[in-house]
Amino acid sequence: MSELAVRVAAQAKLNLHLRVFPRDESGYHPLETIFHRIDLADDLVVEITSGTRTLDVAGTGTGPVESNLAWRAASAYAEHNRWPGGFNIALTKRIPVGAGLGGGSADAAAVLRALNSLSPSPMPAPRLLALGGSMGSDIPFLLSDAVMALAWSRGERMLSLPPLPRHDLLLMTPEFSVTTADAYRWLDEDRARGSDGRESMGEQPPGGEAIAFDLLDLSSWARIAKFARNDFEPVVAARHPELSSYLARLRSSRATLAGMTGSGSTLFGVLDTPPDYSKVPEEHRARVTTTTTSIDVVQPVRVG
Ligand code: C5P
């Protein structure tokens, strides 16, 4: 391995809270979300080479190289920062794919951070955030130095928040996955029909009632649990009814906060004590991952 190589743990994220507002003139839906990093991470090693550009992926379900977000991020960085040479990226997938945990975005953010740390002329943070944001709503947060953040617009505007205490985390990834585009389309369809779960909240506008966050509301897992919701939850549950029973099980366990992350399909439970596998039905055990919530951002480290 050359001297110019770095290793990055590409941490996954949870959306503890996610509200989606009506599509705007750009064709996208503005968001309001609370992101939190978790310790489940893909492993990336990025090495500078004299000319070749390669991506090797170990793990499952990532598709062709050209559509891999890590590859697209590296190519975009090379173009925007006039990177003259090549790079080898070795990616080991651990984060479930298409599951709402930001796996692809975590890889893209990790590649951008790695290349910027190796570059003789690093990009200033706002340009790097803008470049990441042009590739997906989760990337700016995962590029930032925030463990937890309140983010809005398309995720590129955010307020970093004090991290919450580390907790055990149980992740349950159902057998079905949900594409981001489908989730937004379903939300629009259900809202047009008035069947997006708002009837249970009275006549609320899409995205819900006005809300004024207080820093205190965001200062503990239990306080966040009091208001947290995910607008995608009812629309995904309407198409995959098993989601509701999985969620009910998580909520009736010892989870301080439980919900669906992103557009799904992974469900999470933030636990006060380590998970008890004997309580997880045997047929679901292969779909359960245990990890912890993060208390810091893992920085790229030089290797070689
Ligand atoms: O970000 P990504 O390319 O994965 O998004 C896929 C699709 O989801 C977009 O083409 C758009 O239709 C929809 N989307 C949206 N609002 C967002 C993010 C995505 O409508 N904030």
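One-based numbering, in listed order, for ligands and for the atoms of each. Keep in mind it's a predicted model, so treat the numbers as computed, not measured. Only this structure's heavy atoms are used, side chains among them; waters, hydrogens and symmetry mates stay out.
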### Query
If Ile, Leu, Val, Met, Phe, Trp and Tyr residues are connected whenever their side-chain heavy atoms lie under 4.5 Å apart, and connections chain through other members, are Leu215 and Leu257 in the same group?
yes

### Message
Through direct or indirect side-chain contacts below 4.5 angstrom among Ile, Leu, Val, Met, Phe, Trp and Tyr, which residues connect to Val297?
### Response
Val147

Protein contact of [atom] - nearest heavy atom, named by residue and atom, plus distance:
| atom | result |
| --- | --- |
| atom 2 (P) of ligand 1 | Thr180 CG2, 4.6 Å |
| atom 10 (O) of ligand 1 | Tyr28 OH, 4.0 Å |
| atom 21 (N) of ligand 1 | His29 O, 2.9 Å |
| atom 19 (C) of ligand 1 | Tyr184 CE1, 3.3 Å |
| atom 12 (O) of ligand 1 | Arg23 NH1, 3.8 Å |

### Query
In ligand 1, which numbered atoms sit nearer than 4.0 Å to a non-hydrogen atom of Gly27?
20 (O)

### Summary
Atoms of ligand 1 under 4.0 Å from any heavy atom of Ala181, numbered from 1 in the order shown, are 7 (C), 8 (O)

### Message
Once side-chain contact (heavy atoms from CB on, under 4.5 Å) is applied, do any residues pair with Arg82, and if so which ones, sequence neighbours excluded?
### Response
none

### Query
Strictly under 6.0 Å, is that where the ring centroids of Phe232 and Tyr184 end up?
yes

### Task
Begin with the C-alpha distance, continue with both residues' side-chain angles, and end with the deciding distance and a verdict on side chain to side chain donor-acceptor pair (under 3.5 Å) for Thr49 and Asn88.
CA-CA 7 Å; Thr49 67; Asn88 290 331; 4.8 Å; no

### Message
With a 4.5 Å cut-off on side-chain heavy atoms, are Ile38 and Leu169 touching?
### Response
yes

